[in-house]
Amino acid sequence: MSNHPITLTVNKSPYSLSVAAHHTLLDVLRDDLGLTGTNEGCRMGDCGACTVHLNQLRVPSCLVLAVNADGADVQTIEGLAGETTGEHHPLQEAFINRGALQCGFCTPGMIMSAAAILDEIPERPLSEAAIREALAGNLCRCTGYAKIIEAILEVANG
Amino acid sequence: MLRPFVYLAPHSLAEAVEMRRVHDNANFLAGGTALLVAMERGQASAETIIDLKHIRQLREIELTAEGELKIGALITLREIIDSQLIRSYAPVLVQTAQLTATPQVRNLGTIGGNIASGLAAADLATALIALNAHVLVATNSGEVRMPLNDFLGDTKVISQQETRIISAVILSGARGHASYQKLMVRNAADVPLANVAIWTQTDSGQVTAVRIAAGNCAGRPARLMEAESLLRGQIITPETIQRTALTATETVQQTGDSRASEAYRRRMVGVLTRRALTQLLELL
């Protein structure tokens, strides 16, 4: 069917791509750009595994047509670590240190949501209740969320 | 994977209407959070997608010279939550948006899409019915303004064959007080099992005007006229709340499905009516 030229900035690198109209941002990130850190879960916007930042807002990348994202600035889990040093983001360190993952499938989306939450909610100390509410769009079937929330609390409140 | 389709991106409403006229089996794309899911599930198909994102007028929130609040159809749930104008004019819309979908989906989903999705208990649409919102609709024969209640139920004013694009939602008239109540399986991120929105205007405690809306009424949110009549002219007390809730349960028409039975939904409409009125009693 129809192919469309688009430009994207992904993790601060510019890309010029030709995308099929029916391919989502998730498809293009994973299949065209090889950025497989963004996971495909439900493809229905329910699970949050495919969460990326689109123009500084967290979105399920499975519900964004790539052609619709033309010109956008995208950040994925691969772009969250220190750009020059390659060091982990504090959230990544906290998730590792606290053991806030088991199978790991939800983790990239969980961390991208957590990074957004730190900006979305300016109040400090950040409360557990606020984090739980803000994480409603990220499902984890292993951890029971306790360690995930501890990790985010640690980064937010020190 | 979505099935292939042709993608069009008009820059004006007139262009969008014309594209729809010449392309059969076309769907309009707003935030995509309902349409793309329906297409992924095979519940909707489209050979052509007409993306409305480049139509700038759909992205504006403005207080008009007539004192009406005009909310562009592509305003997202997140933008509703963040809008001081909407918060001061109709705080219930902010509360409703906060109870809708997930934070990620709220960054994409739009007010126009919430109405156009046709969900039987669409959160914003239910609250907007209680607020007596109007919609501006672009059609083949020009722009039409009508109450949202008519738009959802109507097959006469605009024939179903005709192209309809919601361009804006308009709030006007007395502001009053409103409450939105929603029953979910989860505490968040869920579609309503049942929902009720109530708007009231009072004078010295007496209800001078009231609108009660519930979702899941024959596939759409609708007004509960009998319950409204019972409350009009009364003072909101625990006793009138109880009677209004009972009337809501007895008169509401609900549709049952795999998530909840018709009988359960009717009972819950009563419970949510009581909760909404109890909250309004505290606000007054």
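Note on naming: letters A, B, ... go to the chains in the order of the sequence lines (proteins, then strands), and numbering restarts at 1 for each one.
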Name the region of A:E120, side chain, backbone, both or neither, that has any atom closer than 4.5 Å to a heavy atom of chain B.
side chain

Does any heavy atom of chain B fall under 4.5 Å from the side chain of A:A20, the backbone, both, or neither of them?
neither

If you count heavy-atom pairs within less than 4.5 Å of chain B, which of A:I117, A:L54, A:D27 leads?
A:D27

Which atoms of B:M1 are under 4.5 Å from chain A, going by heavy atoms: the side chain, the backbone, both sets, or neither?
both

Got a sec: does the CZ of B:R3 have more than 12 other heavy atoms crowding it under 6.0 Å?
no

Bottom line for B:R106: the part with an atom under 4.5 Å from chain A's heavy atoms is neither

Which heavy-atom pair separates A:A136 from B:A189 by the least distance, and what is that distance?
O-CB, 3.8 Å

Can you tell me how far NZ of B:K53 sits from CG of A:L65, rounded to the nearest 0.5 angstrom?
10.0 Å

In Å and rounded to the nearest 0.5 Å, what is the CG to CE distance from B:L36 to A:M44?
11.0 Å

Cut-off 4.5 Å, heavy atoms of chain B, and the answer for A:D31 is side chain

Atom of A:G48, atom of B:Q104 and distance for their closest heavy-atom approach
CA-NE2, 4.1 Å

Which distance, rounded to the nearest 0.5 Å, do you find between the CD of A:E133 and the CD of B:Q98?
7.5 Å

Which distance, rounded to the nearest 0.5 Å, do you find between the CG of B:N107 and the CD of A:Q56?
11.5 Å

Below 4.5 Å, heavy-atom pairs only: which of B:L108, B:I49, B:N187, B:D190 has the largest tally toward chain A?
B:L108

Go through the steps for B:L29 and A:N68 under the test side-chain contact (heavy atoms from CB on, under 4.5 Å), then give the verdict.
CA-CA 10 Å; B:L29 178 70; A:N68 180 284; 4.1 Å; yes

If you tally heavy-atom pairs under 4.5 Å between each of A:T24, A:T51, A:V67 and chain B, the highest tally belongs to A:V67

Side-chain heavy-atom pair B:Y7, A:V19 within 4.5 angstrom cut-off:
no

Say you draw a straight line from CG of A:D70 to NE2 of B:H54; how long is it, rounded to the nearest 0.5 Å?
7.0 Å

